[in-house]
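Input: a single structure, listed below in structure tokens.
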There are 2 protein chains.
Amino acid sequence: MDTPTIYDVSRLSGVSTATVSRTFTTPDRVRESTRRRVYAAAEALHYQPSAIARAMARQQTDKIAFLICKEGATILDEFYASICEGVMRRANGTNYQLLISTAEEWTRTAQSKQIEGVILAGNAQADLISEFQRQNIPVVLVNNRAAGFNLPCIVADEAGGVRQVVSHLISAGHQRIAMLMGRFSPYVTSARYNAFLSVMRENGLSVDESGALMCDRDIQSATEAALRLLSRPDRPSAVFAFNDVLAAGVMKAARRLGLRLPEDLAVVGFDDSSVCPMMEPELSSIHVDCRRMGELCMEHMAALLDGAQDVPRLTVVPVNLKIRASSRAAI
Amino acid sequence: MDTPTIYDVSRLSGVSTATVSRTFTTPDRVRESTRRRVYAAAEALHYQPSAIARAMARQQTDKIAFLICKEGATILDEFYASICEGVMRRANGTNYQLLISTAEEWTRTAQSKQIEGVILAGNAQADLISEFQRQNIPVVLVNNRAAGFNLPCIVADEAGGVRQVVSHLISAGHQRIAMLMGRFSPYVTSARYNAFLSVMRENGLSVDESGALMCDRDIQSATEAALRLLSRPDRPSAVFAFNDVLAAGVMKAARRLGLRLPEDLAVVGFDDSSVCPMMEPELSSIHVDCRRMGELCMEHMAALLDGAQDVPRLTVVPVNLKIRASSRAAI
DNA sequence: GTGAAAGCGCTAACAG
DNA sequence: CTGTTAGCGCTTTCAC
């Protein structure tokens with residue numbers, strides 16, 4: 001037996017297809033008794049409106065794409081998974097459904113009229129954004145800012161986070177503070193790097209070459225970089241890492257060198273991911289409300305699709321330092 | 001300016017719409033020179049076939065739904081995110097696009113002709129499966145098995161994992177082995193519990209009440225449960241936890257009680273998530289290839305959609321114990 | 001190889 | 001409140 005259509009329901013219930021359609025889209029514009037007959041017929045036939053035909057007639061799909069612009073071994077890491085979850089949760093209850101993919105893959109399968117809007121997470125390229133805008137598809141950016149584009153961007157307060165970390169470390173008496181930067185997106189890297197330089201300078205502290213070093217985005221690479229850093233005679237007394245995985249690498253290196261945490265070395269991470277409370281000592285970290293960022297994406301997208309003109313162009317989500325044992329001054 | 005249609009291309013290139021259509025779907029059935037003219041016109045107009053109209057004409061959407069059947073604070077945790085990533089990666093390069101949602105939300109927005117197939121991750125309810133099957137939508141299950149349904153299931157070798165853990169602990173001299181079970185899905189819980197009982201029995205070891213205890217699925221709950229467990233006079237010398245987060249809770253409890261790891265207590269987790277190498281000592285765990293499970297989902301789905309009759313009904317993905325310092329016998 | 005034309009199943013005027 | 005009808009933009013026979 002084939003999928004029933006609106007015609008089958010029309011025939012069985014004895015009303016026109018228009019009325020059947022109305023019954024499903026604007027029930028209040030149909031007389032109660034009619035509505036009941038239609039529902040009964042629909043139920044008997046297991047009828048459900050065809051999403052395809054509806055999209056065809058209305059010229060819209062009610063679908064939003066969530067595209068991750070990121071490379072590397074893991075695309076959907078804890079950070080982006082949390083954002084995605086936020087988007088999903090806010091999409092729930094709306095009529096919108098979520099398509100998930102990578103930016104790369106999306107461009108491969110170019111088709112028009114696929115989606116109503118797109119959320120670009122991470123390091124979105126300018127030409128990708130332009131292409132969507134040319135097609136009049138609303139774009140929202142998350143964890144990135146796009147210079148020269150008129151669209152909502154949702155970012156964490158990177159500078160504020162860095163400031164909190166450095167202030168905390170300085171007030172705990174640290175002077176030699178190093179920063180371990182993974183290979184993050186240009187936006188994140190420059191935001192944090194510049195903030196670090198500013199805050200250090202403001203406090204009369206210098207950042208020499210050893211003060212900010214780069215490593216790959218995995219724990220081994222971080223461990224190796226930290227081993228080199230901490231073996232120097234002028235080793236820092238505190239290290240601020242770009243995420244919690246890198247911070248774990250630093251802790252590992254410290255232990256290997258026989259340094260005590262936090263007495264000999266304070267460590268602070270970023271993201272406040274699920275590992276922080278598992279570490280020994282527990283890892284201080286900047287809490288980023290990724291879930292909220294995802295929710296904001298969807299909220300702003302919904303507003304855009306609703307024709308709102310006052311959607312904020314930049315939303316900075318506050319972050320806050322969770323001080324734990326890895327950086328707490330000994331009592 | 002509106003989105004160009006196939007008629008615009010037809011007019012500009014001077015061929016019929018049928019030929020334009022062919023040029024995009026079956027290029028080899030169109031003369032080279034014609035093809036070129038069509039492409040040129042399409043490019044000039046920025047034409048891309050409308051996904052909606054194409055779906056309408058072909059009566060298919062080329063979309064697969066990935067539905068997570070799970071409750072709790074975090075839906076897209078590391079485990080499911082990895083499966084999702086596997087699905088995504090395998091979907092790349094095919095014509096299929098991925099819709100992501102929760103089972104709950106999906107049932108709310110019932111429409112027909114939305115998707116070609118569905119991947120149900122986790123604790124899928126029987127009536128949900130039935131509903132899809134009634135609609136002739138192929139279903140693939142992951143991290144779950146459904147009794148009484150004829151569909152491909154992809155699971156990890158839970159029993160094998162438990163067996164490896166217990167064997168490892170026994171050969172390291174442990175006799176009092178406890179199991180800390182989080183509130184996982186019925187499938188996972190029963191698979192592991194039954195395996196644990198069998199293997200212990202086979203080795204002449206008893207599992208009394210204290211041997212298998214339940215806790216919630218967070219680190220605090222695990223820590224509390226472990227504190228109680230490890231405070232007993234007949235405390236176990238080894239604990240096997242249902243995932244790495246719970247294992248971290250056990251380690252935390254052990255430290256708080258002044259137990260040395262692994263000398264006084266061996267700990268083994270499950271999943272081999274990203275935290276294992278960050279822990280101190282590094283956490284032994286059962287490695288589960290979630291990414292691969294996701295890839296298999298998509299491979300089997302593609303086969304199903306391709307009309308293959310020989311898609312395996314059950315695929316058990318091997319797991320293997322990564323022995324790390326948390327359970328390694330001191331040398 | 002190409003064109004003409006009939007749908008795909010629904011929605012949205014418009015008319016009653 | 002309900003019915004009639006004209007599309008939505010493509011694909012796909014069926015002729016030529």
Among all residues two or more places apart in sequence or in another chain, which pass the salt bridge (Lys or Arg N to Asp or Glu O under 4.0 Å) test with [X]?
| X | answer |
| --- | --- |
| B:R22 | none |
| B:E131 | B:R134 |
| A:K70 | A:D77 |
| B:E43 | none |

Nucleotides 6-14 of chain C: protein proximity per nucleotide (B base, S sugar-phosphate only, - neither; heavy atom, under 4.0 Å): -BBBBBBB-

DNA chain D: 5'-most and 3'-most nucleotides touching chain B, 4.0 angstrom heavy-atom criterion: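 Answer, 5' to 3': D:dG9 to D:dT13.
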
For residues 142-157 of chain B, run the donor-acceptor check on the side chains, cut-off 3.5 Å, and write out each pair with its distance to 0.1 Å, sequence neighbours left out.
residue, atom, partner, partner atom, Å
B:N143, ND2, B:Y80, OH, 3.4
B:N144, ND2, B:G122, O, 2.9
B:N150, OD1, B:R313, NE, 2.6
B:N150, OD1, B:R313, NH2, 3.3
B:D157, OD1, B:G160, N, 2.9

Partners of [X] by side-chain contact (heavy atoms from CB on, under 4.5 Å), sequence neighbours excluded?
| X | answer |
| --- | --- |
| B:P27 | B:R35, B:Y39 |
| B:S16 | B:A18, B:T19 |
| A:C84 | A:F66, A:I100, B:L76 |

d(CD, B:E32; P, C:dG1) in whole Å: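 Distance, rounded to whole Å: 11 Å.
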
Rounded (10°) bend between the five-pair end axes of the helix from C:dG1-D:dC16 to C:dG16-D:dC1: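 Nearest ten degrees gives 30° for this helix.
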
Plane angle bin for A:F24 and A:Y47 - parallel if under 30°, tilted between 30 and 60°, otherwise perpendicular: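 Perpendicular: the ring planes of A:Y47 and A:F24 meet at over 60°.
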
Show me the donor-acceptor pairs within less than 3.5 Å that the side chains of residues 295-305 of chain B make with the rest of the protein, sequence neighbours left out.
residue, atom, partner, partner atom, Å
B:E295, OE1, B:R292, NH1, 3.4
B:E299, OE2, B:R90, NE, 2.7
B:E299, OE2, B:R90, NH2, 3.0
B:E299, OE2, B:R292, NH1, 3.3

